[in-house]
4 protein chains.
Amino acid sequence: MRAVDERYLTSLKLTPSERPGLGHAAWRARSPRVLERRVQAIEATRLGQGWIDGDVGHGTAYRFTTPEGHQMEIFWEVEWYEAPGELQSRLPNRPQKRPGRGVPVRRLDHINLFAKDVKRCGEFMMNTLGFQLREYIEARSGGYRGVWLSVSPMVHEIAFMYDEAGPGGRLHHVCYWYGYPHQLWEVGDLFRENRIHIELGPAKHGITQAMPLYVYEPGGNRIELFGDVGYLIFEPDWRPIRWTEDHIERAAQEGGLPWLGGSFPVEYWVYGTPAAQIGAESTAVASTE
Amino acid sequence: MRAVDERYLTSLKLTPSERPGLGHAAWRARSPRVLERRVQAIEATRLGQGWIDGDVGHGTAYRFTTPEGHQMEIFWEVEWYEAPGELQSRLPNRPQKRPGRGVPVRRLDHINLFAKDVKRCGEFMMNTLGFQLREYIEARSGGYRGVWLSVSPMVHEIAFMYDEAGPGGRLHHVCYWYGYPHQLWEVGDLFRENRIHIELGPAKHGITQAMPLYVYEPGGNRIELFGDVGYLIFEPDWRPIRWTEDHIERAAQEGGLPWLGGSFPVEYWVYGTPAAQIGAESTAVASTE
Amino acid sequence: MRAVDERYLTSLKLTPSERPGLGHAAWRARSPRVLERRVQAIEATRLGQGWIDGDVGHGTAYRFTTPEGHQMEIFWEVEWYEAPGELQSRLPNRPQKRPGRGVPVRRLDHINLFAKDVKRCGEFMMNTLGFQLREYIEARSGGYRGVWLSVSPMVHEIAFMYDEAGPGGRLHHVCYWYGYPHQLWEVGDLFRENRIHIELGPAKHGITQAMPLYVYEPGGNRIELFGDVGYLIFEPDWRPIRWTEDHIERAAQEGGLPWLGGSFPVEYWVYGTPAAQIGAESTAVASTE
Amino acid sequence: MRAVDERYLTSLKLTPSERPGLGHAAWRARSPRVLERRVQAIEATRLGQGWIDGDVGHGTAYRFTTPEGHQMEIFWEVEWYEAPGELQSRLPNRPQKRPGRGVPVRRLDHINLFAKDVKRCGEFMMNTLGFQLREYIEARSGGYRGVWLSVSPMVHEIAFMYDEAGPGGRLHHVCYWYGYPHQLWEVGDLFRENRIHIELGPAKHGITQAMPLYVYEPGGNRIELFGDVGYLIFEPDWRPIRWTEDHIERAAQEGGLPWLGGSFPVEYWVYGTPAAQIGAESTAVASTE
């Protein structure tokens with residue numbers, strides 16, 4: 001699958017599975033030389049798994065996992081998308097026309113993973129792949145409750161949040177970006193009319209300042225839709241934004257978690273895929289309506 | 001006070017009071033002749049109180065109450081607003097320039113009142129003032145839980161909702177209209193930054209399909225801000241929309257009350273002004289932050 | 001054809017014709033009694049043509065023309081639309097679900113006609129059908145260059161503009177309403193990608209303050225799409241807004257015609273349907289791209 | 001001056017001058033080491049001018065010019081903005097509260113310069129400062145009519161366009177970014193009401209796909225306001241988008257230059273600051289209203 005503004009052949013691959021969850025996440029290196037350097041860094045952590053020949057849309061890739069077993073790949077060679085005649089745009093800077101159906105997403109934005117040791121997972125991404133820490137929630141007990149990391153001016157391409165109800169190593173959500181907040185109202189309306197469960201949103205996050213809508217796809221994975229990516233970071237010596245558990249709890253009491261637009265239901269904090277054992281009832285949430 | 005697009009001198013008058021609540025609501029008749037006819041209809045109900053000489057912005061007015069004592073007035077003569085030179089618009093169809101401050105509301109939209117006998121209050125407005133029933137919630141026990149009434153293509157200029165925690169005769173909220181949903185995010189941000197309590201929203205109602213944001217003004221009255229007035233009614237033989245308690249409860253269970261954007265907190269159903277005796281803790285809600 | 005929010009069976013009927021133009025415009029009376037009264041008023045003008053049995057979506061109708069021969073009908077009986085199962089909305093106040101295709105228009109908004117004697121046509125609509133004058137452009141020579149008329153709080157359901165290049169009695173455009181200005185950018189993008197000629201917009205009119213986008217449908221008629229209907233009029237003693245030719249010309253010189261978003265091309269003032277003799281080249285405009 | 005979302009002390013410095021124009025543009029290096037490398041590259045071109053002690057908001061800086069004399073600086077040390085108490089946001093990731101006045105811009109986005117040799121200026125920025133070519137217009141005669149360059153996923157932080165009416169080395173415009181297209185309508189309205197000349201917009205560019213509004217500040221410089229920055233580039237091996245003069249001219253004929261929202265007036269192509277000799281009448285444009 002491919003979002004409308006994406007230039008590579010594909011950004012999402014669905015594979016048959018008995019349970020929902022993340023098959024793997026894949027990253028493109030900035031150059032062949034960078035790929036080599038990143039693979040060396042991963043191998044030094046003993047979390048590397050070796051090379052594969054390639055997959056739909058990309059060439060040889062190196063497989064590895066995070067410290068909690070989230071499966072990942074990194075590669076350089078990609079196939080670019082070529083729109084067939086009737087989908088070609090009149091604008092040479094567009095990979096294709098905007099389709100005349102639905103409220104089409106424009107770009108895969110980020111992935112959010114559940115982890116037992118959030119700090120360790122975040123540091124792995126920073127040390128091996130060059131991500132930078134943008135925002136984090138400091139736990140009272142020490143350690144982090146959440147980290148938001150990026151290799152670009154975006155606040156995050158990946159986040160880890162504390163998996164309090166499960167074993168870690170799970171998927172929290174995958175996020176796609178629209179252009180404008182208003183499109184979340186339109187797509188939210190389509191979801192409601194068609195009995196797709198909306199967990200939260202349209203809303204505005206405090207952390208990242210993005211504007212989300214969370215739904216569950218039919219298989220049970222949580223999908224976030226972004227009406228606004230929040231702010232951009234151009235400062236090379238960025239000072240990571242520190243949130244504390246106190247701050248978060250106070251905001252929740254004051255009705256400001258998220259910053260605007262409702263409140264997080266409990267399932268947001270405990271439901272991930274695959275569902276945890278205790279999460280049997282959480283999974284059921286996906287088919288309430 | 002006057003909203004930016006309003007053409008009369010004023011639409012809201014603040015009076016000092018020990019307790020928050022509605023002083024009175026006032027309506028302009030369509031013509032002097034209609035005024036006369038409406039007054040006769042009111043007098044026939046024995047809820048009339050007689051004429052007063054006028055008030056800021058309008059001439060002689062007839063005072064009356066609803067069956068539950070909500071104080072009202074009706075008049076014909078009004079004073080039109082004349083913008084002073086520096087506020088005059090270049091567009092002859094604008095009463096004034098849009099101010100360069102804040103996210104200014106454009107028009108007083110409607111009033112929503114708490115009542116013990118919703119049906120009776122609604123019928124009073126229909127029989128004496130010519131309002132039409134647009135939408136209503138039918139109670140399981142018979143009677144109505146809520147009615148939305150208008151004398152124009154708007155879905156409502158007045159609504160009554162069941163006052164389950166109080167004695168009826170109270171104010172639920174007053175609503176002002178902006179132009180676009182997006183302005184609710186902007187004003188919501190200003191509210192959050194400045195510690196004004198947001199009860200709900202930005203959201204989208206199922207009933208009326210309007211897009212609300214509810215806050216409490218410093219005195220404790222609930223104010224609704226509308227990013228969208230919902231739909232318009234041009235059908236002269238409109239068939240009032242019937243909702244049932246079953247429908248509403250099922251929607252609430254499914255996370256669709258409101259239609260989009262969070263869920264109604266309990267205070268929405270019980271807090272009105274003046275606060276009910278049992279509402280001592282409800283009143284406190286207004287100053288949580 | 002029917003727009004998404006409309007409650008009657010149909011609002012637009014296409015009929016095969018050798019030339020583009022308006023077949024007829026039709027109005028629904030407020031009641032059978034009003035219908036009778038309006039027909040009497042029309043008959044008194046000798047512009048009545050008598051009753052027809054009905055048409056798709058409505059019952060017996062009285063046919064008449066404006067003083068310049070624009071064909072019209074008025075009726076009371078209509079057929080209401082009933083959505084088939086799969087198109088039914090979960091909201092009882094919606095005639096149907098929003099479709100998952102395109103950027104669907106919500107409601108037929110108004111019609112704009114070219115006339116040689118604008119004032120006379122406007123007065124005909126006021127005297128026989130009860131329209132009220134909302135805004136007008138006064139010509140230097142006396143008479144009007146344009147009138148905007150309504151029977152509701154909308155600024156217009158019908159307008160007449162001076163047909164300087166043609167014989168009068170023609171169609172300038174038909175307008176459909178979306179919900180928000182942003183949807184004009186989205187639909188404008190679809191038009192550009194698919195080589196539909198855009199005459200003007202997204203823009204903001206000074207007169208009416210509406211937000212338009214003008215295109216030509218494949219048959220050559222001008223269609224306006226509204227991202228915002230402008231302001232609403234609730235004052236029963238509305239004072240019609242007077243514009244002068246001086247004002248309009250000065251605005252044009254200053255780059256403020258329309259108020260925002262480009263400038264009217266010459267074709268806007270001269271092209272109507274059917275095309276005038278001198279308009280052979282204007283008609284060609286519709287197929288430029 | 002500083003836009004609302006900016007984290008450094010200042011992004012725009014106004015200096016008294018007899019004529020409008022660009023004093024200098026300044027860039028921050030990614031690190032002290034990068035600064036050193038960039039300065040060496042500049043010195044090799046003989047366009048370097050040496051170090052200065054610093055300025056409001058930044059430390060020692062190296063001064064240089066483009067091949068056409070546009071004055072620039074590069075530095076590493078900056079002063080970060082600290083909001084005073086009453087302007088502090090409740091969100092730790094915001095440099096300050098959104099002000100309650102106007103429609104405040106969020107970030108300085110890019111600068112656009114007029115040049116006689118567009119290709120040479122673009123190559124200078126690429127070779128010495130590491131910019132990447134994102135889009136360009138190829139001239140029939142060879143050479144470029146315009147180039148758009150960036151060091152981030154933005155399509156441009158700097159552009160050069162062919163100065164057909166002047167000597168090159170001039171300013172075309174400076175651009176600030178809002179968050180959403182709708183804000184351009186709001187600020188455009190403020191401009192129109194207050195007689196600030198709008199040159200173009202709200203519109204949508206084909207090149208960069210950004211959504212602009214162009215005005216002249218009272219001193220005569222062109223300011224662009226962005227309601228949308230267009231698309232983002234995450235592909236490390238980006239293939240620069242090639243436009244031809246044919247393409248641009250055809251788009252203009254078809255009414256698609258810009259892509260949506262009006263057409264470029266002649267002044268857009270010829271007016272820059274300082275005004276060229278032949279541009280005496282162009283300068284006058286700024287005070288038409």
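Below, chains carry the letters A, B, ... as their sequence lines are ordered, and counting in each starts from 1. Being a predicted model, the structure only gives us computed values, none of them experimental.
Taken from NE2 in H182(C) to CG in D228(D), the straight-line distance is 8.5 Å, to the nearest 0.5 Å.
Heavy-atom contacts from other residues, nucleotides or ligands closer than 6.0 Å to CZ of R101(D) number 12 or fewer.
Chosen from G261(C), P202(C), P265(C), S263(C), the residue pairing most often with chain D at heavy-atom distances under 4.5 Å is P202(C). Ranked by non-hydrogen atom pairs under 4.5 Å with chain C, the options D189(D), L200(D), L213(D) are led by D189(D).
No side-chain heavy atom of H197(D) sits under 4.5 Å from any side-chain heavy atom of E254(C).
Of all non-hydrogen atoms in P181(C) and W185(D), the two that sit nearest each other are CB-NE1, 4.5 Å.
At a 4.5 Å heavy-atom cutoff, Q209(C) makes no contact with chain D through either its backbone or its side chain.
Remark: the backbone N or O of L260(C) is not paired with any side-chain donor or acceptor of R192(D) at under 3.5 angstrom.
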